[in-house]
Number of protein chains: 2
Amino acid sequence: MQWNELGEQTCSMSRTLSVIGDRWTLLILRDCFLKVRRFDDFQSRLGIGRPILADRLQKLVDSFVLTKVAYQQNPMRYEYRLTQKGLDLYPVIMAIVHWGDVHMSGKKGRPLLHRHMTCGHNFDPVQVCSECAETLDPRQVQVLPGPGAANRDHMPADAAAGSRAGRAKAG
Amino acid sequence: MQWNELGEQTCSMSRTLSVIGDRWTLLILRDCFLKVRRFDDFQSRLGIGRPILADRLQKLVDSFVLTKVAYQQNPMRYEYRLTQKGLDLYPVIMAIVHWGDVHMSGKKGRPLLHRHMTCGHNFDPVQVCSECAETLDPRQVQVLPGPGAANRDHMPADAAAGSRAGRAKAG
DNA sequence: GCAGGCCAGTTCCACTTTAGAACCCACATT
DNA sequence: AATGTGGGTTCTAAAGTGGAACTGGCCTGC
């Protein structure tokens, strides 16, 4: 499967990864949430190659995650800002950072802290059920085909006739 | 910056991406949460090349996200299972899937639904503050250096002396 | 009125990674 | 002995990446 075929899959994960699932894109977005907005600032903070940065920014603009806003004329200069679609990636970024804080921090502890201005405390992000507000445990979640499901595509492995004997090749 | 330098950065995001931030790894993990466990099943469901699948599974085992469990002898056969460290990636996976559901679903709607067995409802994952349980808004979150912070490394862009004039080159 | 600098890219080339197919090996079945 | 199964490894060509240099409009200083 090529990278550009990913977005056509009947799977929200694949489709999301076709936008953000690249070596650099999530790091660019992290910096966006840290209020970096300009080409050279991304470039020097990330140490990314200029051609790749230009390509990734363009792709993020094309997929409406970022938008270019003029900040000067003569010559026209644009900065890159998160759209609402981009802002909606916040839980993704925070979940990744939090996992790193828990599982990949050195002895010295986590590099960044997050303070919730609403309540005034340093916090961790927690993922809860939208219906009962309890913390989600993967073992308490059942996956079901939704309205946009393709037949037998990316269903749970155990939903396909119960055992390996009965399964059809998924490809 | 090379891929293998990423894990050495003083940033939880970089460190996490050094483990999971690859084109295929998150798709493999999605299938792990869908209870796929065997080499050929990953291969046929994902359409991934065998050499790359072998490499990614090995790396996930090396970083303790997956573990190999024998399910038969003569010949020895192993299946790949999520460790606790791997299970802790659930919020990451769910956040990505949810973003795809909201922003990348076709007309037909989302491909998969999630049912919370604890409360019996279909749900969406919601990210909340661990302290006050309110939904997180990036504009209400302030980023501060933590105990493991390196000097001036990956700080918010606006924490560096307030304006572009005063900033030192971050590299 | 020309050198040099700033910002935002683009071009070029060497190097690395990936995709895809074929091959391999240790059994187990027929 | 031939065939099948599970889990890989070995190839090659194509794609992607990193780094440095180049482009080009505008501004500043001299």
Side-chain angles (χ1 to χ4, degrees), chain A residues 1-6 17-18 21-28 31 36-62 66-81 157 163-171, chain B residues 1-6 17-18 21-28 31 36-62 66-81 157 163-171:
Chain A
M1 180 160 50
Q2 307 286 74
W3 207 211
N4 49 349
E5 298 170 46
L6 249 190
L17 292 181
S18 73
D22 147 274
R23 196 195 298 242
W24 287 110
T25 302
L26 279 167
L27 289 169
I28 292 170
D31 269 9
V36 179
R37 306 208 192 294
R38 298 190 187 178
F39 192 92
D40 275 16
D41 290 341
F42 286 111
Q43 205 270 314
S44 59
R45 285 171 61 94
L46 295 173
I48 183 175
R50 293 175 150 273
I52 296 157
L53 177 59
D55 178 74
R56 294 305 183 279
L57 288 172
Q58 188 55 53
K59 281 186 177 147
L60 286 169
V61 169
D62 290 346
L66 297 181
T67 183
K68 285 167 85 160
V69 178
Y71 70 87
Q72 86 175 26
Q73 268 136 350
N74 292 335
M76 279 305 270
R77 294 271 186 255
Y78 298 93
E79 48 183 35
Y80 295 90
R81 288 173 168 268
S163 87
R164 297 175 60 71
R167 93 187 193 286
K169 193 173 157 68
Chain B
M1 179 162 50
Q2 308 285 72
W3 204 214
N4 49 347
E5 298 170 43
L6 250 190
L17 292 181
S18 73
D22 146 272
R23 194 195 299 244
W24 286 110
T25 302
L26 280 166
L27 289 169
I28 292 170
D31 269 10
V36 178
R37 306 210 193 293
R38 298 189 188 179
F39 192 91
D40 275 17
D41 290 342
F42 286 110
Q43 204 271 315
S44 59
R45 287 171 60 97
L46 295 172
I48 184 176
R50 293 175 151 273
I52 296 155
L53 177 59
D55 178 73
R56 294 305 181 277
L57 288 172
Q58 188 56 52
K59 281 184 177 149
L60 286 170
V61 170
D62 290 346
L66 298 181
T67 183
K68 285 168 86 162
V69 179
Y71 69 89
Q72 91 174 21
Q73 268 138 349
N74 288 336
M76 277 308 266
R77 293 275 185 253
Y78 297 92
E79 49 183 33
Y80 294 90
R81 288 174 169 267
S163 86
R164 297 179 59 72
R167 92 187 192 285
K169 193 172 155 72

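Here is how names work: the chains are called A, B, and so on, in the same order as the sequence lines, proteins then strands, and each is numbered from 1. Since this is a predicted model, take the numbers as computed values, not measurements.
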J.: Among the candidates dT17(D), dT10(C), dG6(D), find the nucleotide nearest to the side-chain atoms of D22(A).
T.: dT17(D)
J.: For D55(A) and for Q73(A), locate the closest nucleotide of DNA chain D by heavy-atom distance; then report the residue assigned to the nucleotide nearer the 5' terminus.
T.: D55(A)
J.: Given dG9(C), dG7(D), dA8(C), which nucleotide is nearest the side-chain atoms of K68(A)?
T.: dG9(C)
J.: Report yes if the side chains of R56(A) and L46(A) come closer than 4.5 Å at any heavy-atom pair, otherwise no.
T.: no
J.: Describe the nucleic acid contact of F42(B) in one word from base, sugar-phosphate, nothing, applying a heavy-atom distance below 4.0 Å.
T.: nothing
J.: With a 4.5 Å heavy-atom cut-off, do L53(A) and F39(A) have their side chains touching?
T.: yes
J.: Would you say that L60(B) contacts I28(B) through its side chain, given a criterion of any heavy-atom pair below 4.5 Å between the two side chains?
T.: yes
J.: Nearest-Å distance, CG (L57(B)) to P (dG8(D))?
T.: 7 Å
J.: What's the closest nucleotide to the side chain of I52(B) if the choices are dA21(D), dT18(C), dG7(D)?
T.: dT18(C)
J.: When you measure from the side chain of R77(B), which nucleotide among dT17(D), dT5(D), dG24(D) comes out closest?
T.: dT5(D)
J.: Answer yes or no: is there an ion pair linking D55(B) with K59(B), defined by an N-O contact shorter than 4.0 Å?
T.: yes
J.: Among dT9(D), dT10(C), dC27(C), which is the nearest nucleotide to the side chain of P75(B)?
T.: dC27(C)
J.: Looking at dT18(C), I'd like to know if its phosphate oxygens (OP1 or OP2) sit under 4.0 Å from a side-chain N or O belonging to R56(B).
T.: yes
J.: Figure out the CZ/P separation between R37(A) and dC7(C), and round it to whole Å.
T.: 17 Å
J.: State, yes or no, whether a side-chain contact exists between R45(B) and V36(B) at a heavy-atom distance under 4.5 Å.
T.: yes
J.: To the nearest Å, how far apart are M76(B) CE and dA28(C) P?
T.: 13 Å
J.: Let's see if you can work this out: which of dT10(C), dG8(D), dA19(C) has an atom nearest to the side-chain heavy atoms of R23(B)?
T.: dA19(C)
J.: Within this structure, what is the CG-to-C1' distance between L53(A) and dT11(C), rounded to whole angstrom?
T.: 16 Å
J.: Let's see if you can work this out: which of dG6(D), dT17(D), dG9(C) has an atom nearest to the side-chain heavy atoms of Y71(B)?
T.: dG6(D)
J.: With distance as the sole test, does E79(B) use its side chain to make a donor-acceptor pair with the main-chain N or O of A70(B) at under 3.5 Å?
T.: no
J.: Rounded to the Å, how far apart are D41(A) CG and dG9(C) P?
T.: 12 Å
J.: Could you tell me how far apart F39(A) (CZ) and dG9(C) (C1') are, to the nearest whole angstrom?
T.: 5 Å
J.: What is the distance, rounded to the nearest whole Å, between atom CZ of R38(B) and atom P of dG6(D)?
T.: 8 Å
J.: Side chain of P51(A) only, heavy atoms from C-beta on: which candidate in dG7(D), dA20(D), dA8(C) is closest?
T.: dA20(D)
J.: Between dG8(D) atom P and Y78(B) atom OH, what is the distance in whole Å?
T.: 10 Å
J.: Given dG19(D), dG8(D), dA8(C), identify the nucleotide with an atom nearest to the side chain of Y80(B).
T.: dG8(D)
J.: If you check the W24(B) side chain, which of dT17(D), dA19(C), dT10(C) turns out closest?
T.: dA19(C)
